[in-house]
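What follows is one structure encoded as structure tokens, with my remarks underneath.
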Amino acid sequence: PEVDQRRLDDRRSALDQSERRAGLRWAILLAGQDGSMIRDRLTRLRSSTERVSYVDRVLSAALRVAARPPEAPSYRRWHREVGGDRDDAYAVALALDAGLAAVVDEMESTRRELGAELEDFSLPLGGAEVMELLGVEEGPIVGEAMAHLEDLRMLHGPIDEEAARRYLTEWWESRSG
């Protein structure tokens, strides 16, 4: 018999949602516990590594909602880390403290203000380009330079290649001089 692909896709989607909801329930139930204890409990319950990672990520993001990251730089970092689990992080935060509703609203306002810039956190230069620009070999300094660019991206939003080259040159000269 032929399988109706659409029905199969609907079932897969329903399974994905039920798995996600189960992870969300675990996140709410285990909130307030030490992170290593959460991972240990879920592992002993033979939860998948995906579920353990999801619960850890959502709980971490929910706790950061309470830290109130509505300013653009801190929101950019939070958004990059939470990814597509933003609404679940909000749900957990609100389950833990309904008083955070105003914070969630403020964070969503920040998200709308930042708009499309949150869709792509890539940097304008790669490691090879950084090595060429700074005249260095592969090594820890390249990682430091990339981390510096990433910090600038989080502070100021997207940066173009020209600005990235200028920032890195200034950074390198301040280190060398």
Side-chain angles (χ1 to χ4, degrees), residues 16 19-20 23 26-27 30-31 33-44 46-90 92-93 103 106-177:
D16 288 346
E19 173 67 20
R20 189 175 191 86
W26 277 116
L30 294 171
Q33 304 295 314
D34 176 70
S36 60
M37 183 168 39
I38 291 170
R39 286 185 293 280
D40 184 53
R41 282 187 180 187
L42 289 173
T43 301
R44 278 200 260 142
R46 300 195 188 282
S47 293
S48 68
T49 55
E50 291 83 14
R51 178 175 288 168
V52 174
S53 294
Y54 167 82
V55 169
D56 191 43
R57 183 175 56 253
V58 168
L59 273 175
S60 174
L63 293 174
R64 290 188 56 209
V65 168
R68 308 181 190 295
E71 297 83 30
S74 57
Y75 184 84
R76 285 182 188 107
R77 285 184 178 88
W78 182 84
H79 185 86
R80 183 192 57 203
E81 291 167 13
V82 75
D85 298 323
R86 182 185 77 245
D87 291 338
D88 292 348
Y90 288 155
V92 172
V103 174
E106 197 174 339
M107 290 175 71
E108 278 300 286
S109 175
T110 301
R111 182 185 63 81
R112 286 188 297 277
E113 287 172 20
L114 296 175
E117 83 162 69
L118 297 172
E119 295 172 14
D120 181 13
F121 285 101
S122 63
L123 298 174
L125 299 175
E129 294 162 310
V130 168
M131 289 187 295
E132 181 182 326
L133 176 68
L134 303 180
V136 297
E137 296 291 320
E138 187 176 319
I141 196 69
V142 178
E144 289 177 39
M146 296 300 288
H148 179 67
L149 276 180
E150 188 174 302
D151 286 344
L152 291 170
R153 166 63 173 93
M154 293 300 135
L155 284 171
H156 306 293
I159 52 178
D160 61 25
E161 184 176 341
E162 181 182 324
R165 289 179 178 279
R166 188 177 63 254
Y167 287 139
L168 275 183
T169 301
E170 291 169 4
W171 172 80
W172 184 243
E173 288 171 355
S174 72
R175 289 178 54 104
S176 303

With a cut-off of 3.5 Å and sequence neighbours excluded, list every side-chain donor-acceptor pair involving residues 132-151.
from: Glu144; atom 1: OE1; to: Arg175; atom 2: NH1; distance (Å): 2.7
from: Glu144; atom 1: OE1; to: Arg175; atom 2: NH2; distance (Å): 3.2
from: Glu150; atom 1: OE2; to: Arg80; atom 2: NH1; distance (Å): 2.9

Problem - Side chain proximity check, Trp172 to Thr169, heavy atoms < 4.5 angstrom - result: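 No, side chains not in contact.
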Exercise for the section: Report yes if some heavy atom in the side chain of Pro124 is under 4.5 Å from a heavy atom in the side chain of Asp160; otherwise report no. Expected result: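 No; the side chains remain at least 4.5 Å from each other.
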Problem - Contact summary for Ala89 and Ala61, nearest pair of heavy atoms - result: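 Distance-wise, the nearest heavy atoms are CB-CB, 3.6 Å.
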Handout entry: Any donor-acceptor N/O pair, Ser53 side chain to Thr49 backbone, under 3.5 Å
Key = yes
Practice task
Please check if the side chain of Ser74 supplies one atom and the backbone of Glu71 the other of a donor-acceptor pair under 3.5 Å.
Solution key: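 At least one qualifying donor-acceptor pair exists.
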Practice task
Could you pull out all residues at least two apart from Tyr90 that satisfy ring-ring contact (aromatic ring centres under 6.0 Å, His included)?
Solution key: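 Partners of Tyr90 under the ring-ring contact (aromatic ring centres under 6.0 Å, His included) test: Trp78.
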Practice task
Using the test salt bridge (charged side-chain N to carboxylate O under 4.0 Å, His left out), find all partners of Glu117 that sit at least two apart in sequence or belong to another chain.
Solution key: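 Glu117 satisfies salt bridge (charged side-chain N to carboxylate O under 4.0 Å, His left out) with Arg76, Arg153 only.
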Handout entry: All salt bridge (charged side-chain N to carboxylate O under 4.0 Å, His left out) counterparts of Arg166, not counting sequence neighbours
Key = none
Distance check, rounded to the nearest 0.5 Å: [X] atom [atom1] versus [Y] atom [atom2]?
{"X": "Glu129", "Y": "Leu123", "atom1": "CD", "atom2": "CG", "value": "10.5 Å"}
{"X": "Ile159", "Y": "Met154", "atom1": "CD1", "atom2": "CE", "value": "10.0 Å"}
{"X": "Leu42", "Y": "Asp56", "atom1": "CG", "atom2": "CG", "value": "9.0 Å"}
{"X": "Ser47", "Y": "Ile38", "atom1": "OG", "atom2": "CD1", "value": "12.0 Å"}

Practice task
State which residues pass side chain to side chain donor-acceptor pair (under 3.5 Å) with Arg41; sequence neighbours excluded, sorted by chain then number.
Solution key: none
Handout entry: Residues which pass side chain to side chain donor-acceptor pair (under 3.5 Å) with Arg77, listed by chain and number, not counting sequence neighbours
Key = none
Set of side-chain contact (heavy atoms from CB on, under 4.5 Å) partners for [X], sequence neighbours left out:
{"X": "Ala27", "value": "Val55, Val58, Leu59, Val92"}
{"X": "Arg44", "value": "Asp40"}
{"X": "Asp120", "value": "Ser122"}
{"X": "Arg111", "value": "Tyr75, His79, Arg86, Glu108, Leu118"}

Exercise for the section: Enumerate the residue pairs fulfilling ring pair (Phe, Tyr, Trp, His ring centres under 6.0 Å) with a member in residues 107-135, sequence neighbours excluded, ordered by first and then second residue. Expected result: none
Handout entry: Test log, rule side-chain contact (heavy atoms from CB on, under 4.5 Å), inputs Asp88 and Tyr54
Key = CA-CA 10 Å; Asp88 292 348; Tyr54 167 82; 2.6 Å; yes
Handout entry: Heavy-atom neighbours of Arg46 CZ exceed 12 at 6.0 Å
Key = no
